[in-house]
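Remarks on the structure that follows.
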Number of protein chains: 2
Amino acid sequence: MVPVSALQAKAARPAPWLDTIIKGDCVAALENLPDHSVDAIFADPPYNLQLGGVLHRPDQSKVDAVDDAWDQFASFEVYDAFTRAWLLACKRVLKPTGTIWVIGSYHNIFRVGAKMQDLGFWILNDIVWRKTNPMPNFKGRRFQNAHETMIWASPNSETKGYTFNYDAMKAANDDVQMRSDWLFPICSGGERLKDEEGRKVHPTQKPEALLSRIILSSTKPGDVVLDPFFGSGTTGAVAKRLGRHFVGVEREQDYIDAAQARIDAIDPLAADMLKPLPSKKSLPRVAFVSLIESGLLSPGDRLTSPKGDHVALVRADGTLVSGQTAGSIHRLGAQVQGAEACNGWTYWHYEEAGKRHPIDRLRGEIRAATAEI
Amino acid sequence: MVPVSALQAKAARPAPWLDTIIKGDCVAALENLPDHSVDAIFADPPYNLQLGGVLHRPDQSKVDAVDDAWDQFASFEVYDAFTRAWLLACKRVLKPTGTIWVIGSYHNIFRVGAKMQDLGFWILNDIVWRKTNPMPNFKGRRFQNAHETMIWASPNSETKGYTFNYDAMKAANDDVQMRSDWLFPICSGGERLKDEEGRKVHPTQKPEALLSRIILSSTKPGDVVLDPFFGSGTTGAVAKRLGRHFVGVEREQDYIDAAQARIDAIDPLAADMLKPLPSKKSLPRVAFVSLIESGLLSPGDRLTSPKGDHVALVRADGTLVSGQTAGSIHRLGAQVQGAEACNGWTYWHYEEAGKRHPIDRLRGEIRAATAEI
DNA sequence: TCACGGATTGAATCGCGAA
DNA sequence: CTTCGCGATTCAATCCGTG
């Protein structure tokens, strides 16, 4: 039997694979990770591009296409088997409350998405990355391919408990909900990793802005983000900067070297720059009765619906009464509307200086008086 | 043996299904159409939404969800079999030079796209319909689902000969290539079909603007457009207005009645409003030698590369000579650059008033002098 | 007739934790 | 395991009634 002290030491010691790049094939390498050990996954698998010959621009320059060995598959069947294998490995290491992001183009994303559904992943959104500066269609035979597609999914249809920083996304988007179409430039300029001869290190390096939104939307500080196709390490770089842990898997030593150097140069942001915008649910709970106890409301006070067409009286025990029926602020609000549910805090209003205000405002006063900094 | 005159009469008589709505299941109904008989297909199949209970808005009103019987499938397997069947039927009736459009959401589009690839369709683009006014995410648990996806494909990987009105799309897009992300409002207002009680006739009526861009981009006037899930008939209405023929297949009589009345009320646009923008390739061909024949160039004239670093002389037979080598404007242009191919019309320049101009300008003068209106 | 405000609505896989 | 209480949650556009 293992002594308790040893167990405690083990629990306290961080996993050896945390914040490292594991060299090897993604399915084999993931066997080093326990079940349900990562909070989020970003996967940028080979797109299985099926290119014909060499493509030239109108000025005769050659398009530097993705023709690397790792993007070559003999058939759809082979690609599907590959997809199934890495998705299963990812599903095993992903926490039930975690989520996975997969990016692809029309060459592969339909096969990947269908396989994800077959394996029980539950799609939460498909997100379109609209490129500000996509490559033109040189032959003029199709529309300019100006976007890529990401699938955001839960590992099963019991989607309870996954992280979505709704309020942060909304605040970042001028206080309206973040949409499923995102606009970003492709990775270029100083952000693009180059070797000594100025050649790009990786043909499909993803922009940090894209990973930043992904990580900020669906993980919390301290979470572990896995990237099974680590490449040039954008996921690791952004995770480190944003105070998240990363694990990368990559087969090619050149990519590993470049990614490691890149990540080593990253300074994480200060913790107070990463403090998540508190969701309303995470605010301390205030019982309605404490408004009475603190004197903000008194028994017998008159509350109304937003338009004043329903009236209720405050009782000393923190219930409301309206006509023959009494109940909590929520139940009575639902009842007078004939609705199944109601947020009593925003439904019931009190009057002050001739104006109606929701009692949520009084709750805010209590919270402010007891707030931590 | 059928007399020749009967064959001719048959050829002259339009097919009985042209510009009609065929009632019935799409696979069975398409058996009425011969092989390779339609130029384009727009398919808006059931999305297979898998909704939980009722969804309420923050104001407690109920969301009118798509819960029609035609969108119910027992499993992914059943949906896949359904998809395979109608795609095969479509593939048979589609001309080899025709193309197919399929629209869907993340619920079904990945399965549909994978099945299309399995059946040998060759994807030309995936197109994102970005909605200006999508429904919000009421619970704040996901990103606002603000787009749908369309797949544009050729029936096989020999994609030669399909219609893509590149220049018209480019001209319509402020003279830059049309991208793969399109912005349109959802169908509402006066365009949305309503019954006598003001209820929407069809839960998922598509906007005419969307079909208009599809038809204008990938068909020619007089082409036949098939819609195997005709619904409220947007495809037929837009096809008729744009001078294309349509065929619809629809199971529900209510939808057929509404669609037929809608189409009957459409006035086709005048033919000269539909004249396609001539693509550059379809402009009358001009032989280089005709520039000499018409006196715009003379034998012995000096042509240069765009930067003046290569020089060639015009010969009377319409070839160029540079140093030891001679050849067409295209071959010699490629040769002096060490390139495989070259557009000699834009590569070779003549000098006028101290400025260099491509000889394409002289070609333009010849075309203008012989142009039709 | 126009301006303004309130009501309605659209392909939606839409909560969480304590008891 | 289920049940139940708490209470969080919407954007753009059209339509309609009122002044």
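Chain naming here is simple, since letters A, B, ... match the order of the sequence lines and numbering starts at 1 in each. Not measured: the values here are computed from a predicted model.
Between B:Phe229 and B:Trp70, the ring center distance fails the sub-6.0 Å criterion. Within the 6.0 Å centre-distance limit, the rings of A:Trp152 and A:Trp101 are counted as a close aromatic pair.
Within 4.0 Å of B:Gly104, counting heavy atoms only, lies no atom of the nucleic acid at all. If you check every strand for non-hydrogen atoms under 4.0 Å, B:Gly53 touches a base. The residue B:Pro134 sits close to a base: some heavy atom pair falls under 4.0 Å. Within 4.0 Å of B:Ser105, counting heavy atoms only, lies no atom of the nucleic acid at all. Heavy atoms of A:Lys307 sit under 4.0 angstrom from primed sugar atoms or phosphate atoms, though from no base atom. Nucleic acid contact for B:Cys187: none, since no nucleic acid atom lies under 4.0 Å from a heavy atom of the residue. Within 4.0 Å (heavy atoms only), A:Arg363 reaches sugar-phosphate atoms of the nucleic acid but no base atom. Within 4.0 Å (heavy atoms only), B:Gly190 reaches sugar-phosphate atoms of the nucleic acid but no base atom.
Not one side-chain nitrogen or oxygen of B:Arg57 sits closer than 4.0 Å to the OP1 or OP2 atom of C:dG10. Note on A:Lys170: a side-chain N or O is less than 4.0 Å away from OP1 or OP2 of D:dT10. For A:His330 and D:dC6, the shortest distance from a side-chain N or O to OP1 or OP2 is not below 4.0 Å.
Computed from coordinates, the A:Trp122 CH2 to C:dC14 C1' distance equals 12 Å when rounded to whole Å. One can place CZ of B:Phe138 at 11 Å from C1' of C:dT8, the figure rounded to the nearest angstrom. Atom pair B:Phe184:CZ and D:dA12:P shows a separation of 19 Å (rounding to whole Å applied). One interatomic measurement links the two molecules: CD of A:Glu158 to P of D:dC1, which rounds to 10 Å at whole-angstrom precision. With rounding to whole Å, B:Asn137 atom CG is found 16 Å from C:dA11 atom P.
Out of D:dA8, D:dA13, C:dA11, the shortest distance to the side chain of B:Arg192 is found at C:dA11. Across C:dA11, D:dC6, C:dG10, the shortest atom-to-atom separation from the side chain of B:Tyr47 is found for C:dA11. Checking C:dT9, C:dA12, C:dG10 against every side-chain atom of B:His107, the shortest atom distance belongs to C:dA12. When distances are taken from the side chain of A:Tyr166 to each of C:dC14, D:dT10, C:dA12, the shortest belongs to D:dT10. The A:Ala341 side chain lies nearest to D:dA8 when the options are C:dA11, C:dC14, D:dA8.
Spacing between C:dT8 and D:dT10 at atom C1', rounded to whole Å, works out to 13 Å. D:dA12 and C:dC14 are spaced 23 Å apart, taking the P atom of each and rounding to whole Å. With both ends at atom C1', the span from C:dT1 to D:dG17 equals 15 Å, rounded to whole Å.
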